[in-house]
Q: 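Below you'll find the structure I mean.
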Amino acid sequence: MKMSFNKTSIKEILSKNKPLIVLLLLCLVMSMLNDRFWTWSNIIIVLRQTSINAVIATGMTFAILVGGIDLSVGSVVAICGAIAATLISSGMDTILVVLITLMLGLGIGLVNGVLITKGRLQPFIATLGTMTLLRGLTLLYTQGKPISTTGAVSSQSFSKIGTGYFLTIPIPVYIMIFVFIIAYYILRHLRIGRYIYALGSNEEATMYSGIKTENVKMFVYGSAGLLAALGGIIITARLGSAQPTAGSGYELDAIAAVVLGGTSMAGGVGTIFGTAIGALIIGLLNNALNLLQVPSYFQDVAKGVVILIAVLLDRKQKASR
Amino acid sequence: MSETLVSMKNISKEFSGNVVLDKVDFNIYKGEIMALLGENGAGKSTLMKILTGVYIKTSGEIYLDGSLVNFNNIKESQNHGIAIIHQELNLIRHLSIAENIFLGREPLKKAKNIDWKKLYADTKVWLDILGIKENPKELIKNISVGKQQLVEIAKALSLDAKIIIMDEPTGALTVSETKRLFEVVRDLKHKGHSIVYISHRLNEIFEICDDVTILRDGQLIAERNIKEVDEEKIIEMMVGRKLSEQYPRVSCIPGEMVLEVKGITNKFVSDVSFEIREGEILGVSGLMGAGRTELARTIYGIYKMDKGEILLDGKKAIIHNSTDALSLGIAYVSEDRKANGIVLGLDVRENITLASLKKFSGKFGNIHFAEEEASAQGYIEDMSVKTNGTKQLVRFLSGGNQQKVSIAKNLNTNPRVLILDEPTRGVDVGAKKEIYELINKFKLEGKGIIMISSEIPEIIGISDRVMVMHEGKVTDIISMEGASQENIMRLAVGKEVDEI
Ligand SMILES: Nc1ncnc2c1ncn2[C@@H]1O[C@H](COP(=O)(O)OP(=O)(O)OP(=O)(O)O)[C@@H](O)[C@H]1O
Ligand SMILES: [Mg+2]
């Protein structure tokens, strides 16, 4: 057998990363259409807008990698936001509130995990159930009204999480990058990450290899819940109040980001880098459509078209023999 | 020699710069059976996938009946009368036997809805021809691997193709099922069909084939009439050197008791007891459905035990799942590598260390890549796994090399007791011997080994004792002195030796 070693050229990197091409193309087109696009302030806006979806999509990546899905993330954003706002306005310390809210998200994720492993429910069904249930609970709890955090003792420090800057970069962007790095480390360097890929590719063989597949799933759905709670904290802090309808439809944006990033819905294949690109594409697209003053109904159409094109490109690539 | 039906000329195939076929010529003659032989990874399956349009060739021409053809997918080659039985099972597990056989070609009624009656009746005809007793409505996931293989064969036969390619069709079949298949194959031949037959079992080649084509490392070595060659010659052409004694037996005085199985009973097996000492190989023989795999999987914790107990080193072993089994030192190499032996989506290294990853990671579960890499590299060399490197996806290895990876994964857990279920299925002659040598190495290290195999020569060749099973029960455990092909067969069909 002969081998030829090609230098990894830029071309090769691009051909392996179709999502990256879509992202670059989008940037190129925008810089021609609108001169406000490449301004520092606009870039910052895009990154900040991306951050919440990116954090949630990271958890979604885990779920999709094991061949599952988590539809409840949007509702987790809402209920965790509401709880966080209540605790802040009751005068509790910010750090404590953040920890409690994250634990709540983790707990909800673990409930999903139990439904899926012990209850043997399809992930789609289980999380569809919790999604509806949690949305209802949030509406009941908030009586359909926003919960404001303004005026409370720790309101100032809490709102920094969503609105603060450090070295001219918004705090949520740091959070996003931190989440990406941790997730990358988990998937590529930790045992559990390896197990996630193995499980998504062949559950039976993973089980035969002595791996407790149920524990892996608990980890995955727990993480998805935790990260959705983090998303809820950021958005509540940013708005200064918790909206009862916050986060609705976020699960779809998260799924879109993951799939745009080249992760297979069948499980086993995908990267955090891909999800980062996917989330950026969506963030950029939203920004572009706003800058270009596209009417909002057309925005959805345009978004849908770009998502389909990007996924088709990726599909073509994989089908080659 | 009769007329040439297919002639493939100068076929080359590269996978991302990696040459796996290099200007290969291959012929199929009308009404004859052509054997296609070569070591694991020689390119046999790839060549046949090119013929049937599964893979696109890099260069070369294919002539069918004298005219140039080029198939872009399997449907096109089917329309030209070529059917293939792939080496790996491609059935849909949640559909029935009948639905699988006629997938996409279901008989329809006038109103274009499926004619279920006819579907089941047509299926029954094929099942009878191949001697399968299952109900056509049975789901694929509920039948054994061997039966699944027969369903694949039925599926290809039902296409009524003039050329039928069989890529290791007998891997999971028992002796009697193989015999039955050969009758069908001979019958097809007499009706003028041509067959390509790929197998690592050379005796089968001599039994049914007319010609042989031999590949080595992606190159054509020779095309011969079967009468011009003998087994030794074929092996020499395949591996490029002479091979000595196929079954290297090592003797070793059995040590302490390692594993004692007492009266295991569940829905698959009843009252199975045996014991294994250090440095002993217990061969397990029996027909398909004898409960051998089920027994192994019960010991490994996959199936529940209703009664009975397992003692490891004299202590009672509590095994609820495979995690328990592995941590107590029992490893299991599955007979069905694609379903539960290996993870196709992971690379070679990741598969080799999958069951023993704890060994290669630190306190916080962080993987030590260098150690992991070294271990994988070690097994690749020891077992001569043919791969581009540790980072190649296992999906892209040839069948036999996937099997080696599956074995390596289990060896890496450093078990006390190693259960091998059909360890040499789909493995070439040279590699088979390497696997026997590895088993022997384990034996000398004082491990207890259980080897389940449908190949009786292999059982006789390397076991120390043979346990024969029939319908979930142990018919007898015999020592090597008393073992012969005949009496193992007799015990396997459920008769005591002295009854006959
Ligand atoms: N899709 C693929 N991508 C990359 N390499 C491949 C692919 N398919 C096959 N190969 C490589 O081509 C070589 C030949 O494989 P092939 O499956 O044809 O071997 P084989 O002769 O059928 O072996 P076996 O007896 O083990 O089935 C192997 O080295 C394999 O790794
Ligand atoms: Mg093959």
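Chain A is the first sequence line, chain B the second, and so forth, proteins listed ahead of strands; every chain is numbered from 1.
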Q: About how many Å separate CD1 of Ile192(A) and CG of Asn366(B), when rounded to the nearest 0.5 Å?
A: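 Asn366(B) CG to Ile192(A) CD1: 13.5 Å, rounded to 0.5 Å.
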
Q: Indicate the atoms forming the closest heavy-atom contact of Gly210(A) with Thr323(B), along with that distance.
A: O-OG1, 3.1 Å

Q: In Å, rounded to the nearest 0.5 Å, how long is the span from CG of Asn202(A) to CG of Leu354(B)?
A: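 If I round to the nearest 0.5 Å, the distance is 9.5 Å.
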
Q: Applying a criterion of heavy atom separation less than 4.5 Å, what residues of residues 324-340 of chain B form contacts with chain A?
A: Leu326(B), Tyr332(B), Lys338(B), Ala339(B), Asn340(B)

Q: Please determine whether the number of non-hydrogen atoms from other residues, nucleotides or ligands lying under 6.0 Å from atom NZ of Lys359(B) exceeds 12.
A: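 More than 12 within 6.0 Å, yes.
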
Q: Heavy-atom count check: over 12 atoms from other residues, nucleotides or ligands less than 6.0 Å from Glu76(B) CD?
A: yes

Q: With a 4.5 Å cut-off on heavy-atom pairs, point out which of Ile342(B), Asn351(B), Ile367(B), Asn321(B) contacts chain A the most.
A: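 Ranked by contacts with chain A, first place is Ile367(B).
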
Q: Starting at OH of Tyr197(A), measure out to CD of Glu350(B) and round the result to the nearest 0.5 Å.
A: 9.0 Å

Q: Checking Thr353(B) against chain A: side chain, backbone, both or neither under 4.5 Å from a heavy atom?
A: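 Contact with chain A is through the side chain of Thr353(B) alone.
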
Q: Please classify the contact of Phe364(B) with chain A as side chain, backbone, both or neither, using a heavy-atom distance under 4.5 Å.
A: backbone

Q: Does atom OH (Tyr303(B)) have a neighbourhood of more than 12 heavy atoms from anything else shown, all under 6.0 Å?
A: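 Yes, because the 6.0 Å sphere around OH of Tyr303(B) holds more than 12 heavy atoms from other groups.
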
Q: Please identify, among Ala355(B), Gly301(B), Gly43(B), the residue contributing the most non-hydrogen atom pairs under 4.5 Å to chain A.
A: Ala355(B)

Q: Could you tell me whether the side chain of Tyr300(B) and the main chain of Tyr208(A) form a donor-acceptor pair under 3.5 Å?
A: yes

Q: Between Met207(A) and Ile302(B), which heavy-atom pair has the shortest distance, and what is it?
A: SD-CD1, 3.7 Å

Q: How close do Lys409(B) and Ala205(A) get, heavy atom to heavy atom, and via which atoms?
A: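 Nearest pair, atom of Lys409(B) first, then Ala205(A): NZ-O, 4.2 Å.
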
Q: Find the distance between CZ (Phe369(B)) and CZ (Arg188(A)) and round it off to the nearest 0.5 Å.
A: 8.5 Å

Q: Side chain, backbone, both or neither: which part of Ile211(A) has an atom under 4.5 Å from a heavy atom of chain B?
A: both

Q: More than 12 heavy atoms of other residues, nucleotides or ligands under 6.0 Å from OH of Tyr185(A): yes or no?
A: yes

Q: With a 4.5 Å limit on heavy-atom distance, are the side chains of Thr206(A) and Val343(B) in contact?
A: yes

Q: Could you have a look at Gly218(B), Gly341(B), Ser361(B), Gly362(B) and say which one has the most heavy-atom pairs with chain A under 4.5 angstrom?
A: Ser361(B)

Q: To the nearest 0.5 Å, what is the distance between CG (Leu357(B)) and CZ (Arg194(A))?
A: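 Going from CG on Leu357(B) over to CZ on Arg194(A), the span is 5.5 Å.
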
Q: Measure from the side-chain N and O atoms of Ser201(A) to the backbone N and O of Gly345(B), and report whether any donor-acceptor pair falls under 3.5 Å.
A: yes

Q: Answer yes or no: are there more than 12 heavy-atom neighbours, outside Ile95(A) itself, under 6.0 Å from its atom CD1?
A: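 Atom CD1 in Ile95(A) is not packed in, count stays at 12 or less.
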
